[in-house]
Amino acid sequence: MALAKSLTISNQSTDELFIDPSKVIDHKRAIKTDLNNIIKDLENIKKDYIKLRDNKATKGKWQDLAKTCVNKCNAYKNNMATDKTRLENKVDDAIQKYVLAMITNLMEAQNAVDQMKTQ
């Protein structure tokens with residue numbers, strides 16, 4: 001297999017190549033924001049059900065429903081907090097793997113270029 005004597009990267013104007021993970025980090029921040037908003041929404045829903053539950057006019061099935069909803073909101077909020085941590089860790093791991101893979105690919109490309117220069 002023949003190798004080209006020169007390597008041209010069309011979207012680069014210099015001999016240096018930079019890794020820009022800013023888009024990935026922006027997505028990571030968006031995911032964290034979305035998860036925080038879901039937790040806040042659950043907290044706000046719970047507050048409304050607490051008002052309904054604690055209102056003296058609330059009786060019977062409505063009070064039972066309000067109690068059940070408060071308990072479910074607590075459970076969902078706790079589960080969401082756990083899921084948020086797990087997802088954040090997965091996103092952090094994925095970003096790290098992405099950046100390391102890019103660095104590895106760049107090092108391989110640099111080695112190939114160095115080999116072409118010596119030939």
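Side-chain atoms are counted along with the backbone in the values below, which use heavy atoms only and exclude waters and symmetry mates.
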Distance (rounded to the nearest 0.5 Å) between N74 CG and N79 CG: 11.0 Å
Nearest heavy atoms of Y49 and C73, plus distance in Å: CD1-SG, 4.5 Å
K32 NZ to K84 NZ distance, which is reported to the nearest 0.5 Å: 7.0 Å
Separation of K28 NZ from L87 CG (nearest 0.5 Å): 12.5 Å
Heavy-atom donor-acceptor pair, T58 side chain to D54 backbone, under 3.5 Å: no
Atom pair CG (L106) and CD (E108), whose distance is rounded to the nearest 0.5 Å: 9.5 Å
Non-hydrogen side-chain atoms of I103 and M107 separated by less than 4.5 Å: yes
Distance, nearest 0.5 Å, that separates CG of D83 from CG of L35: 8.5 Å
Evaluation steps, side chain to side chain contact (heavy atoms under 4.5 Å, CB included), between K47 and N44: CA-CA 5 Å; K47 286 178 185 176; N44 290 333; 4.2 Å; yes
I31 reachable from I39 in the ILVMFWY side-chain graph, under 4.5 Å edges: yes
Approximate separation, where rounding is to 0.5 Å, of D92 CG and E88 CD: 7.0 Å
Ion pair check, K40 and E43, cut-off under 4.0 Å: no
ILVMFWY network linking I45 to Y76, side-chain heavy atoms under 4.5 angstrom: no
Side chain N55, main chain K51, donor-acceptor under 3.5 Å: no
